[in-house]
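Below, chain A is the first sequence line, B the second, and so on; all start at residue 1.
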2 protein chains.
Amino acid sequence: MLQSGQAASPAEPGRTGEALRVRGSGSRVVYDTLRQEILSLTLQPGSPLDETALSERFGMSRTPVREGLQRLVADDLATTLPNRNTVVTPIDFAGLPAYFEALSLMYRVTTRGAALRDRRDLAAVRARQAEFAAAVGAQDALAMIEANREFHVAIAEIHGNPHFIALFARLLDQGRRILRLYYSSFDDRLPRQYVEEHEAMMAAIEAGEAAAADRLAAAHAAQIVRQIQEFLARDLADPIELP
Amino acid sequence: MLQSGQAASPAEPGRTGEALRVRGSGSRVVYDTLRQEILSLTLQPGSPLDETALSERFGMSRTPVREGLQRLVADDLATTLPNRNTVVTPIDFAGLPAYFEALSLMYRVTTRGAALRDRRDLAAVRARQAEFAAAVGAQDALAMIEANREFHVAIAEIHGNPHFIALFARLLDQGRRILRLYYSSFDDRLPRQYVEEHEAMMAAIEAGEAAAADRLAAAHAAQIVRQIQEFLARDLADPIELP
DNA sequence: AATATACAGACTGTCGACAGACAGCAAGTT
DNA sequence: AACTTGCTGTCTGTCGACAGTCTGTATATT
């Protein structure tokens, strides 16, 4: 598992070996680290999150570990079974239609809203788009997902409504787990198309054409939804074996 | 057992006197109680939430109190100042435009969405509407706010998208503090109008007329926003004294 | 053999205690 | 007098320990 071996193995570059922790940062370290591992599927859905084991791994007591876990639960990335352990929240395939509905609306609202705002802040969006394009060029699925998230959050930040930014970021994060399964299994024609669609959305924002931005965002969302649904249908057509 | 202080202080009428606490319910009690007090303005914005004092009040140790506070912070009802105390989050008047934008969108999306769903579940909505009408008749502002929230959440539940339900409920809760200030200061003509607007929205949902439901919800939201803005403008015209 | 019961183990929920950090006040300095 | 420096008190962040509850296994019963 992930116990004493880590403290004893200084080869690991990552999370556990940090020397002295600043007071008050314990739960944040736990939260950030586990969140990253959950979203990257390093921790599989359903995996148990044992407080005792985690406290040994992070070299701190159970209290900050518990607080970090509670923040994950608040984000719906973990689920606590009362008097039992906490587990990584399983991917909710049954809830996908509702998820897509919410995601599509956020795509539209933020893109449209950005077109109605001061367009001089597009620099941040452009930077994210460049990162996305680079990831597509490198065929790095993980980087694509990350940059795509940042691209859309940057647009939402131009719009500037914190309620939408928070919901959108949350949705995009949850989606990372699904996209992670998805992106690993298709040809690279579609990412290039996404790059072009991103460009079109940025152009509409810059021109202040809210209606066009809305339409493009809706189409972009529909495109993504359709691709994932096809992927899932393909997966269902080739069903897993039952014991 | 739990404590000696509990059995010793039976005089207090409110929340503290509960006899024996179920294991695992500590933080929930703290969260529910404080949440109610914050939203009803019993605890004023900016009030300090002292962990030690709260642990004495609730007759439990600081650990479950801390967990309850962290949930309030996650809901943006409380704010933690690092290494200092936690306070009730001040009402963010500067953020009101963004708040209204998000609230209006949720009004529209959920009402419109409900009209597209199975309309047989309107019973719950009707019940909330009856409670709202009763509160209006009794001129009970607090009950109006409560019933109004439940009315719109019930509509959102017909629509059935958990992401929207969660955001909407959260927004409506935060708004309770503003409405609490607002409802106490106007004649009772408007609540009656709200009753009628609610009726119209229910009719549109039942008839499955999504476009009409959308339009009515947007008008309803605009109405509320306008009233509150007028109230705030009146308040600003009669400014508070500065020391 | 199948079901019911008792036991053991493991992990969570809660507690009391300690150490660090910040605010406010007092004394010293320019 | 205004500003800086040191001290003191209070509250938070963290820790180790204990008790309750659940799961799974082993034993007893029909």
Side-chain angles (χ1 to χ4, degrees), chain A residues 1-4 7 15-34 43 46-74 77-89, chain B residues 1-9 15-34 43 46-74 77-89:
Chain A
M1 296 297 271
L2 24 80
Q3 270 89 356
S4 55
R15 359 287 326 189
T16 52
E18 291 154 49
L20 226 55
R21 191 108 40 226
V22 195
R23 178 186 167 94
S25 70
S27 69
R28 199 165 39 75
V29 170
V30 173
Y31 173 79
D32 290 341
T33 306
L34 291 182
L43 281 172
S47 307
L49 297 170
D50 186 293
E51 293 178 8
T52 312
L54 290 172
S55 74
E56 288 175 12
R57 170 182 169 193
F58 286 102
M60 57 184 78
S61 96
R62 274 178 51 218
T63 306
V65 170
R66 262 179 89 83
E67 296 186 357
L69 289 180
Q70 279 157 7
R71 290 179 56 187
L72 291 172
V73 170
L77 296 177
T79 306
T80 301
L81 316 173
N83 283 316
R84 197 87 45 76
N85 57 2
T86 300
V87 299
V88 177
T89 303
Chain B
M1 298 307 285
L2 286 179
Q3 217 80 22
S4 52
Q6 293 196 333
S9 67
R15 2 266 354 173
T16 53
E18 289 154 51
L20 226 52
R21 193 108 40 223
V22 193
R23 178 187 166 92
S25 70
S27 69
R28 199 164 40 74
V29 170
V30 173
Y31 173 79
D32 290 341
T33 307
L34 292 182
L43 281 173
S47 306
L49 297 171
D50 186 292
E51 292 179 9
T52 313
L54 289 172
S55 75
E56 289 176 12
R57 171 182 168 191
F58 286 103
M60 57 183 76
S61 94
R62 274 178 51 216
T63 307
V65 170
R66 262 180 89 84
E67 297 186 358
L69 290 181
Q70 279 156 8
R71 290 179 56 187
L72 291 172
V73 170
L77 297 176
T79 307
T80 301
L81 316 174
N83 284 315
R84 197 83 47 77
N85 58 3
T86 301
V87 299
V88 178
T89 302

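- Between A/L81 atom CG and C/dA10 atom C1' there is a gap of 15 Å when expressed in whole angstrom units.
- Here the side chains of A/T33 and A/F58 are in contact, with some heavy-atom distance below 4.5 Å.
- Consecutive Watson-Crick or G-U pairs involving DNA chain C, each under 3.5 Å on both distances, make up stems of three or more pairs at C:1-30 with D:1-30.
- In terms of phosphate contacts, A/R66 brings no side-chain nitrogen or oxygen within less than 4.0 Å of OP1 or OP2 of C/dT12.
- The nearest whole Å value for the distance from the CZ atom in A/R28 to the P atom in D/dT12 is 19 Å.
- Each of B/V73, B/V65, B/V87, B/L54 was scored for a side-chain contact (heavy atoms from CB on, under 4.5 Å) with B/L49, with one residue passing: B/L54.
- Nucleic acid contact class of B/S55 (heavy atoms, under 4.0 Å, all strands): none.
- Of the listed nucleotides (D/dC11, D/dG13, C/dC15), D/dC11 has the atom at the smallest distance from the side chain of B/T52.
- Regarding B/F58, its CZ atom lies at a distance of 16 Å from the C1' atom of C/dT14, rounded to whole Å.
- With hydrogens and angles ignored, a donor-acceptor pair closer than 3.5 Å exists between the side chain of A/R62 and the base of C/dG13.
- The side chain to side chain donor-acceptor pair (under 3.5 Å) test applied to A/R84 returns no partner, not counting sequence neighbours.
- Here C/dT12 presents its P atom at 12 Å from CD of A/Q70, a figure rounded to the nearest Å.
- No side-chain N or O of A/S61 forms a donor-acceptor pair with one of A/S55 less than 3.5 Å apart.
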Filtered N/O pairs between nucleotides 8-10 of chain D and protein, under 3.5 Å:
none

Sort me out a list of protein N/O and nucleotides 20-22 of chain C N/O pairs below 3.5 Å, or just none if empty.
| unit_1 | atom_1 | unit_2 | atom_2 | d |
| --- | --- | --- | --- | --- |
| C/dG20 | O4' | A/R23 | NH1 | 3.3 |
| C/dG20 | N2 | A/R23 | NH2 | 3.3 |
| C/dG20 | N3 | A/R23 | NH2 | 3.4 |
| C/dC22 | O3' | B/R84 | NE | 3.2 |
| C/dC22 | O3' | B/R84 | NH2 | 2.3 |

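- Atom P of nucleotide D/dT21 and atom CZ of B/R21 are separated by 15 Å, given to the nearest angstrom.
- Of the candidates D/dT14, C/dT14, D/dT12, the closest approach to any side-chain atom of B/N85 belongs to D/dT12.
- Regarding contacts with the backbone of C/dT14, every side-chain N or O of B/S61 stays at 4.0 angstrom or more from both OP1 and OP2.
- Every side chain to side chain contact (heavy atoms under 4.5 Å, CB included) that A/N83 has, sequence neighbours left out, goes to B/R23.
- Among residues two or more places apart in sequence or in another chain, the salt bridge (charged side-chain N to carboxylate O under 4.0 Å, His left out) test is passed with A/R71 by none.
- Atom C1' of nucleotide C/dG13 and atom CZ of B/R71 are separated by 14 Å, given to the nearest angstrom.
- Considering only residues two or more places apart in sequence or on other chains, B/D50 meets the side chain to side chain contact (heavy atoms under 4.5 Å, CB included) condition with B/T52, B/A53.
- Every residue was checked against the side chain to side chain donor-acceptor pair (under 3.5 Å) condition with A/S25, not counting sequence neighbours, and none meets it.
- The salt bridge (charged side-chain N to carboxylate O under 4.0 Å, His left out) test applied to B/E67 returns A/R66, not counting sequence neighbours.
- Contacts of A/T86 classified as side chain to side chain donor-acceptor pair (under 3.5 Å), with partners at least two apart in sequence or in another chain: A/T80.
- The distance between atom CD of B/E67 and atom C1' of D/dT12, rounded to the nearest whole Å, is 15 Å.
- Residues B/L34 and B/L43 are in side-chain contact: their nearest non-hydrogen atoms beyond the backbone lie under 4.5 Å apart.
- In this view, B/S27 satisfies the side chain to side chain donor-acceptor pair (under 3.5 Å) rule with no residue, not counting sequence neighbours.
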